Structure formats: C-alpha cells, structure tokens
Amino acid sequence: MVSLSWKHHTLIQALISRGPLKEKEFQSIFTGRNPGAAKKIFDKYLLEINKELSYVHFELRACRDQYDGQVCYGVVNTVSDDQSKLGTKYSVPQIAFFKGIIEAIAQDEAAQGCISGESDVVLLISQLPSEASSSQQQQAPAAFKNFSMSQKDKTLDELVRDKWLCRTSEGNIGLGIRSLLDLRSWFRNNDVPSCEVCNEAGVKADLCPNEGCTVRIHKYCLKNLLSQRDDTVCSGCGKPWPLGKVTKEEAVEAAVDDEEENETQATTALRSKKRKQRSQRDSAENFSSQASLAPSSGATRRRVTRSAAHLN
C-alpha cells in the first residue's frame, strides 16, 4: 500500500472542497505553476491516489467538458447503492426533477447537448402535479405534490451551482461537468450513443447527416481528427464527413495552439530549472569564496597577536 504524502492529500482536498476543476487549475495546485516536465510526476500521483481511493469505491477521474473541450478532474463514487444514496443533499422531488432533465438531454437524437426553457420535459415537470393530465400525475413521484414552482426554480439554480447542470451561452440548460464525470456508467446503461473517436457519450456532438448513419463525433474530437489528415471519411457509411463550421484551417490552428501551449509550459519549466541551478551555483561560489578568505583572516589575527606579544 502506497503511503500518501501531503501533496496527495492536497489534491484530494481541492477536489472535495471546490468540486471538479479544469486541468490547468488542478495541475497548478500540484506544481504551483504550469506543470511542463512535471506531467509524468503528476500522473504518477494520480495513479497512487486512485489505488487508495479504490478501497472506499471512489475514483479520481478525468474527462472533457463537451461544451468547451477542456479536460476536467473530479472525484466520483463508483458504486450506486442504497447506502451511497444516503449521502446526497437533494430531496426525492429534486432528484426526480434532475433525472427528467438528464434524460431529455441525453436522449436527444439531435445531440444538441441541451434543452431550452420551452422543452417539453421541462414543461412537463414544471406543470406537475397541478396542471398535468391525470395519467401524467399517476406517473409522477408522490413528493411532487408539495413541490412548488419556486422550489423547482431554486433546485435548477442549485444544480447549476453544484455543476450537475450548466447554462450555455445561448441561455439553455446543459449537462454540468459533474454529470459528465459521474454518470459515465449511466450513459452506457441507457444506450446513449458514444463518440466514434473517443468512445465517450456523445451528449453534445456533430451527427453524420447521411441518411441511415448514426455516427456522432464531438466537435473537439473532429478538430483533432482534421488536424491529422486532409479529409475525413465517416467510419459508419464510408462517405466524406461534412465539415460544417469546422474547417481544416481551424483544426490546424487549434492543434498549433495546443503545441505552443505545451512548448510554453516546457520552456517555463526549463527556465525555472536553469534559475534554480544558477542560484545553487552562485551559492556554492559564495561559500567557496568565504571559505578561502577564512584562513587569511585567521593568519592575520595570529600575526597581530605575535606582534603585540613582542612589543610587550
């Protein structure tokens, strides 16, 4: 069993207290600066942390935010049982409300990754139980009877604040990074189509428009694919993949930006290392100079002492 150090504990505590974090922010906690050459050490720490967390059925997991493509880290529970459900702070109607939104987003055949305020599911939940039909009322949880409209609005704000949901730039409701991290098994069990490139749930993705083809690819995966080849053929139907808003130039530019960022991180780490070596060398030279001066001072003191004794 690996003995975790204070650095391991700092990383775990950061995710517990702050919730899921973007990769740069999370790595900066570990290094205090851009990681650069420290990436291997960082990955080693994560592996050691997960070995310990596995004993209590937790995992430090990474995934991409499907709305901006950035990598995020978070701690998730790997077991879904009655005991683990006791730890939630949400009530039964709040969980039912959240589940309805998640299902509407994940099962959207257009893979838009969001629902608007006018979504049929949101309207259905907002109307229960007073304005819904008798059949819909029978399907609704009994706890909804006392779940007011103001409570539903408050719950929505709370789910966004806790990163289970998010608000898109268009004002729609999407999946928060916490849902993308924590609901990986749920996506698979509910047959949510996966991205053809990364095999993660394609909640927000581009669809192949060719009739009868069900292939979907995340926007950031498509950019990465285009940066490596001149054309892209759909693996499902064999026809050219329509680029849409993603151009070859845009994909290459994104890849170049990533490379420049990595080079910047490596350069920063190299400069820091050189400064440290220079500081150590200067310290050694100063120590050597002080050591060479010490005997001379001693000899001077002895000569003065002899002279004083002779005069006496």
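Computed from a predicted structure; not experimentally measured.
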Can you measure from [atom1] ([X]) to [atom2] ([Y]) and round to the nearest 0.5 angstrom?
X: Phe97; Y: Ser91; atom1: CZ; atom2: OG; value: 11.0 Å
X: Cys221; Y: Gln66; atom1: SG; atom2: CD; value: 8.5 Å
X: Ile177; Y: Cys72; atom1: CD1; atom2: SG; value: 4.0 Å
X: Ile101; Y: Leu175; atom1: CD1; atom2: CG; value: 10.0 Å
X: Trp186; Y: Lys99; atom1: CH2; atom2: NZ; value: 8.0 Å
X: Glu48; Y: Asp43; atom1: CD; atom2: CG; value: 11.0 Å

Do [X] and [Y] have side chains that approach each other closer than 4.5 Å (heavy atoms only, starting at C-beta)?
X: Cys114; Y: Ile173; value: no
X: Asp206; Y: Arg216; value: no
X: Tyr90; Y: Leu159; value: yes
X: Cys213; Y: Cys234; value: yes

Determine the minimum heavy-atom distance between [X] and [Y], stating which atoms define it.
X: Ile115; Y: Ala104; result: CG2-CB, 4.1 Å
X: Asn77; Y: Asp182; result: N-OD1, 3.8 Å
X: Leu207; Y: Glu109; result: CD1-O, 3.2 Å
X: Ala201; Y: Val192; result: CB-CG1, 4.2 Å
X: His218; Y: Gly202; result: NE2-CA, 3.5 Å
X: Ser194; Y: Asn199; result: OG-OD1, 3.4 Å

- request: Sort out for me which residue in Leu53, Thr78, Val79 forms a side-chain contact (heavy atoms from CB on, under 4.5 Å) with Phe58.
  value: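 So the option named by the test is Leu53.
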- prompt: Could you walk me through whether Phe98 and Leu156 pass the side chain to side chain contact (heavy atoms under 4.5 Å, CB included) check?
  reply: CA-CA 8 Å; Phe98 173 63; Leu156 186 60; over 6 Å; no
message: Evaluate Gln94 against Glu158 for side chain to side chain contact (heavy atoms under 4.5 Å, CB included), listing each step before the verdict.
response: CA-CA 10 Å; Gln94 286 179 317; Glu158 191 172 353; 3.7 Å; yes
Flag yes if [X] and [Y] sit in one hydrophobic cluster, no otherwise; membership is Ile, Leu, Val, Met, Phe, Trp, Tyr, and two members link when side-chain heavy atoms are under 4.5 Å apart.
X: Leu46; Y: Val56; result: yes
X: Val71; Y: Val75; result: yes
X: Ile41; Y: Phe26; result: yes

Below 4.0 angstrom, N of the basic side chain to O of the carboxylate: do [X] and [Y] qualify?
X: Asp68; Y: Lys22; answer: yes
X: Asp162; Y: Arg178; answer: no
X: Arg167; Y: Asp157; answer: yes

Check whether any side-chain N or O of [X] sits under 3.5 Å from a backbone N or O of [Y] as a donor-acceptor pair, and report yes or no.
X: Ser179; Y: Trp164; value: yes
X: Arg61; Y: Gly74; value: no
X: Asp108; Y: Ala110; value: yes

Under 3.5 Å, side-chain donor or acceptor atoms of residues 11-21 against the rest of the protein: list the pairs with distances, not counting sequence neighbours.
residue : atom : partner : partner atom : Å
Ser17   : OG   : Gln13   : O            : 2.8
Ser17   : OG   : Ala14   : O            : 3.4

query: Hey, what's the ring geometry for His8 with Tyr45, parallel, tilted or perpendicular (30° and 60° as the breaks)?
result: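 Parallel: the ring planes of His8 and Tyr45 meet at under 30°.
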- prompt: Restricting to pairs with a member in residues 192-204, which pass salt bridge (Lys or Arg N to Asp or Glu O under 4.0 Å), not counting sequence neighbours?
  reply: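 Passing the test, one end in residues 192-204: Arg184-Glu200.
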Validation row, ring centre Tyr67 to ring centre Tyr220 under 6.0 Å: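 For Tyr67 and Tyr220, the ring centres are not under 6.0 Å apart.
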Results of side chain to side chain contact (heavy atoms under 4.5 Å, CB included) for Ser185 - residues two or more places apart only: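 Partners of Ser185 under the side chain to side chain contact (heavy atoms under 4.5 Å, CB included) test: Asn189.
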